[in-house]
Chemist: 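One structure, pasted below without further comment.
Because only heavy atoms are used, hydrogens play no part in the values below, and waters and symmetry mates are left out as well, while side chains stay in. Proteins get letters first, then strands, A, B, ... in listed order; numbering begins at 1 in each. Please read these numbers as outputs of a predicted model, since none were measured by experiment.
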Amino acid sequence: MTAIDPTAHLTAEQIEELGRELDAIRDEVIAGRGEKDAAYIRKVISAQRKLELVSRGVLLFSIFPPAWVIGTAGLSVAKIMDNMEIGHNILHGQWDWMRDPKIHSTTWEWDHVSPADQWKHSHNELHHTYTNVIGKDNDLGYGIMRVDEDQKWHPFHLGQPLWNFINACFFEYGIAAYDLELGKNLNKRRRKNPEFRARAKAVGRKIRKQVLKDYVIHPLLSGPSFLPTLAATFTANLVRNLWTHSVIMCGHFPEGVQVFERRSIRGETRGQWYLRQMMGSANISGSKAMHFMTGNLSHQIEHHLFPDLPSNRYAEVAVKVRALFDKYELEYVTGPLPKQVFSAWRKVFRLSLPNKKPKVETPAHEQELVAA
Amino acid sequence: MTSAALRSRAWKLLEMVTTPLLPSDYLDLVSPLRAGADLRGRIEAVHPETRDAATIVIRPGRGWRGHTAGQYVRIGVDVDGVRLWRAYSVTSPTDRRDGRVTITVKAIPDGKVSNHLVRRATPGTLIQLDQATGDFVLPEAKPSKVLYLTAGSGITPVMGMLRDTGFNDVVMVHCAPQPQDVIFRDELHRLVADKKLRLTEVHTDTDGMLDIARLDELVPDWAERETWACGPAGLLDAAEKHWSEYGVPERLHTERFRPRIVVAGDGGEVTFSATGKTVDADGAKPLLDVGEEAGVLMPSGCRMGICFGCVTPLKAGAVRDLRTGEITEAEPGVLIQTCVSAAAGPCDIER
C-alpha cells in the first residue's frame, strides 16, 4: 500500500453506497444501448478497413517518397485503430450485445502477434479482476519492471528504463510473451507442459502470419518498391507499438495511482472492488480525436469500472464518474498525454534504484506482526 | 492443376495478404450481396397490406437458391442494434422476374421484429438471410381439388402457393377478425372475380371462431380435397382431429407458426446438452456454478461478469442477469455469461 491510504476517510457504508451509484450509471448506459452505438462501431470498422486498404495500395508505389510518407502514416493510424478502438474493445465483449457474430469477443482476431484468446485471458481476466494488486496483476511492470515502492528491488531493475524502451518498440511481442507468461514458463519443467506448448505454438503461428504479411507478401507485391514497403510496414508497426505502449503506461503508472496488497482484496465487496478500480487507474485528458486514437483508454478509470460498456459511451460516463470522485473526496488522476507519459517514465527511472528511505515510520506493533 | 485447385491456392494467397482478417471482410464493404458471401438481402420496399401487416420486398444475395411455394425463410434483422432472427413465409411466386422475394409480416403485440419490419424498416437496409426451407409445400403431382384453410397471418404461406400454382378447383376458407384485417383481400377478391378461387371469409369478431364442424356446410366436399391449413394452434388441432375422424388424415397438410413461448420464472431445470446432464437450478445461483457442481467442464474467468471468458451458447429457455435482472431468451447465436446468469425457467446450455 502507498504510504497514506487516500480512501481512509470513507466508511464501509459509504463505499457500498458508492458501488450502488456506479451500478446505477452502468445500468443506465446498458438500458440506452442501441442502434446509434451499433452504427458507431460498424462505421469505425469500415473506416479502418478502408484506410488500411488505401494505405497498403499507396505503399505499392512507396519508391516515391510522398507515397511512402502518406502510406506509412495511413497504415500506422489503421493499425492503431485496429488495436485500440476496435480490437481491445471488441475483445472486452463491449459489442457482444449486438449478437453480430462478426463483431464478437469470441470471433474477433486483431492485427497483433498475441492471439486474441490468450490476450483475453491475461488482460480481461487477470489484469481487470486483480487490477494493481501486487503479485496478482502482472501488468504492474509486466514482470520486468518495478513500478511501486512496495515491489522488491533487485539489481536487474537498474536496467529498467532500457527494458521499458525496448518493450515500447516491440510492444506487441512483449505482450505476446507476457500473455504466455514466458518468464514463469521457460524453466525446464514448465516448458514441456503440453498446455503451454500448445499456446506457444499458437503464438508462433500468429507471429509467422503477421510477419509474412507485413515483411514478405506486401513488400513482394510492391515489386520495385520492395524495400521502401518493408521499411514502411516496419515503421508503422513501430509507431503503433510506441503509441499503444505510451497510452497503456498512462493507465496505471503515473504518480498518484495506488497499488494494493494481496491480502487487501480478500473478501472484497463490490463497492471495494469499484473503489480499487477508481484508485488504481489514471486518465488522459484531451480532444475527441485524442480519445479516439487511444481507443478511449484515455478514459481508463471509466474503462476499469465498466470494462464491458461500449467505448463510445465512456466520455459521457466520465462526467458522472468524476462527480462521484468529487462527492467522495477522491483524487481523479488525469492529465494531458505528455504530462502523464512523463510522469510514468519518471517513475520507471526513479524505481530502477532502491527506495531511498523507509517511506513511513512503521508503528512498533505492526513490525511485530510482520516479524511474526 | 484444376481450376478449382488454382482458385483455392489464389484464395490462400489472398488470405495471407489480409490476415488476420479474411478477404471477404474487405469484399463485404463493397459487395455484400455477391456470390460467395454469407447470404444476405437488401430491403427494397415496404408495402403496407393492412393496418398491422406489410409486405417486405427483398433482393436476395447471389447465393440465394430460390424457394418452393409455401416455404419460409429465416431472416436476421438488427432491431435497436441487436440482431434478432425470425422465420417468415415467402409470399412471392417462385418465378418472379426480377428475382426479388417478398415476405409478409403481421405485427404482433410486443413483437420486436414484426413491429420493426412493419412500422420502421426502410428500403436500403441490409438483412441476414438463410436459405428457404420447410415442407409445407405443394406436391409435384397436381391434385384435382384443393382446400386452403387459413387464419390471420396463416394466409402468408398459402398466398405464396396461390400466386405460384393455379388449380382448376380451389376453395379457401380464411378467418380474420374483421374484413379490413384480411391480408391480401383485394388480390383474393380479384381471383374470385376471375373465377380462379372460391373464397369464404369468416370474420371472427362478428361470426365467432370457426367451428370446424361448420366445414360440412361451407365446403361440403372438404374430405375429397387436398388441404393445406395454417393458423393458430387451436384451429390446426381441431382440423387434425376432424380429418382423422373422417379417416383422411393424409389429405391434410398443416404448418404451425410456433411463437416461442418462454415463461420467464425463477430457476428451473438446466440441461447441459453437450455433456447430456440435467440438473435443477434455483434462480439465484450462477449457471457457471450450477454446471461446475454437476461436473460439467465449464469455461470460466473472472467470475464477476467482466472478462467474457465464460460465454456459452444458450440453446433454449431463458436466463436472468443477476446484476440487472434482465431476461435473455434463447435464439440462434445468443451467448450468455454463465458467471452472472441464472436460470429463469428451464434452459439448455451448450456445454
Chemist: Which atom pair, heavy atoms only, marks the closest approach of B:P299 to B:C310?
Modeler: O-CB, 3.3 Å
Chemist: Are more than 12 heavy atoms from other residues, nucleotides or ligands located less than 6.0 Å from atom CZ of B:R62?
Modeler: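 No, because the 6.0 Å sphere around CZ of B:R62 holds 12 heavy atoms or fewer from other groups.
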Chemist: Sort by residue number and list every member of residues 77-86 of chain A having a non-hydrogen atom under 4.5 Å from chain B.
Modeler: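 Listed by number, there are no contacting residues, so the answer is none.
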Chemist: Would you say the side chain of B:D28 lies within less than 4.5 Å of the side chain of A:K102, judging by non-hydrogen atoms?
Modeler: yes
Chemist: For the atom pair CG (A:N138) and CG (A:D179), what is the distance rounded to the nearest 0.5 Å?
Modeler: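 Spacing of CG (A:N138) from CG (A:D179) equals 10.5 Å.
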Chemist: Would you say A:K136's side chain and A:R262's backbone share a donor-acceptor pair under 3.5 angstrom?
Modeler: no
Chemist: Please examine the side chains of A:I41 and A:N89, heavy atoms only from C-beta on, and report whether any two atoms are closer than 4.5 Å.
Modeler: no
Chemist: Listed by chain and number, what are the ring pair (Phe, Tyr, Trp, His ring centres under 6.0 Å) partners of A:Y314, not counting sequence neighbours?
Modeler: A:H303
Chemist: Indicate yes or no for a side-chain donor-acceptor contact from B:T275 to the backbone of B:R351 under 3.5 Å, with no hydrogens or angles considered.
Modeler: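 Answer holds: yes.
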Chemist: For the OG1 atom of A:T244 and the CD atom of A:E172, what is their distance to the nearest 0.5 Å?
Modeler: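 These two atoms lie 8.5 Å from each other.
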Chemist: If you count every heavy atom of other residues, nucleotides or ligands that lies below 6.0 Å from A:E35 atom CD, does the total exceed 12?
Modeler: no
Chemist: Using only non-hydrogen atoms and a strict under-4.5 angstrom cutoff, which residues of residues 118-133 of chain A touch chain B?
Modeler: A:N124, A:E125, A:H128, A:T129
Chemist: Is chain A contacted by the side chain of B:D38, its backbone, both, or neither, given a heavy-atom distance below 4.5 Å?
Modeler: side chain
Chemist: Please look at A:K36 and chain B and tell me whether the side chain, the backbone, both or neither of the residue comes under 4.5 angstrom of a heavy atom of that chain.
Modeler: neither
Chemist: Using 4.0 Å as the upper bound for N to carboxylate O, is an ion pair formed by A:R313 and A:E302?
Modeler: no
Chemist: Any Lys/Arg nitrogen of A:E195 or A:R199 sitting under 4.0 Å from an Asp/Glu carboxylate oxygen of the other?
Modeler: yes
Chemist: As an exercise: rank B:R323, B:E326, B:R303 by heavy-atom pairs under 4.5 Å with chain A and give me the winner.
Modeler: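 If we count pairs closer than 4.5 Å to chain A, B:R323 comes out on top.
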Chemist: Evaluate the side-chain proximity of B:D266 to B:R320: yes if any heavy-atom separation is below 4.5 Å, no if none is.
Modeler: yes
Chemist: Mind checking whether A:F306 and A:V29 have side chains closer than 4.5 Å, heavy atoms only?
Modeler: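 A side-chain contact under 4.5 Å is absent here.
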Chemist: Heavy-atom pairs under 4.5 Å with chain A: which of B:D25, B:L84, B:L335 has the most?
Modeler: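 The option with the most such pairs is B:D25.
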Chemist: Highest number of heavy-atom pairs under 4.5 Å with chain B: which of A:I30, A:D308, A:L221?
Modeler: A:D308
Chemist: Look at the side chain of B:Q337 and the backbone N and O of B:G305, then say whether any donor-acceptor pair between them is shorter than 3.5 Å.
Modeler: yes
Chemist: Do B:E15 and B:P23 come close enough that some side-chain heavy atom pair is under 4.5 Å?
Modeler: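 The answer is yes; the side chains approach within 4.5 Å.
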Chemist: Look up atom OH in B:Y26 and atom OG in A:S46, then write down how far apart they are to the nearest 0.5 Å.
Modeler: 11.5 Å
Chemist: Is any residue of residues 286-295 of chain B within less than 4.5 Å of chain A by heavy atoms, and which ones?
Modeler: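 Answer by number: none.
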Chemist: Taking A:R276 first and then A:D137, would you say they form a salt bridge - that is, a charged N and a carboxylate O separated by under 4.0 Å?
Modeler: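 Answer for the salt bridge query: no.
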Chemist: Less than 4.5 Å to any heavy atom of chain A: does that hold for the side chain of B:V311, its backbone, both, or neither?
Modeler: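 For B:V311, the side chain is the part near chain A, not the backbone.
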Chemist: Report which part of A:T106 has an atom under 4.5 Å of a heavy atom belonging to chain B: side chain, backbone, both, or neither.
Modeler: side chain
Chemist: Is it the backbone or the side chain of B:I306 that comes under 4.5 Å from a heavy atom of chain A, or both, or neither?
Modeler: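 Both backbone and side chain.
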Chemist: Measure A:R56 against the heavy atoms of chain B and call it side chain, backbone, both or neither at under 4.5 Å.
Modeler: neither
Chemist: Using side chain to side chain donor-acceptor pair (under 3.5 Å), reason through A:Y274 and A:D23 one step at a time and then give a plain yes or no.
Modeler: CA-CA 10 Å; A:Y274 268 137; A:D23 276 337; 2.8 Å; yes
Chemist: With respect to chain B, which residue among A:D27, A:D117, A:L91, A:D100 yields the maximal number of heavy-atom pairs within a distance under 4.5 Å?
Modeler: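 Maximum pair count with chain B is reached by A:D100.
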Chemist: At a heavy-atom separation under 4.5 Å, does B:S24 approach chain A through its side chain, its backbone, both, or neither?
Modeler: neither
Chemist: Please classify the contact between A:W110 and chain B as side chain, backbone, both or neither, with a heavy-atom cut-off of under 4.5 Å.
Modeler: backbone
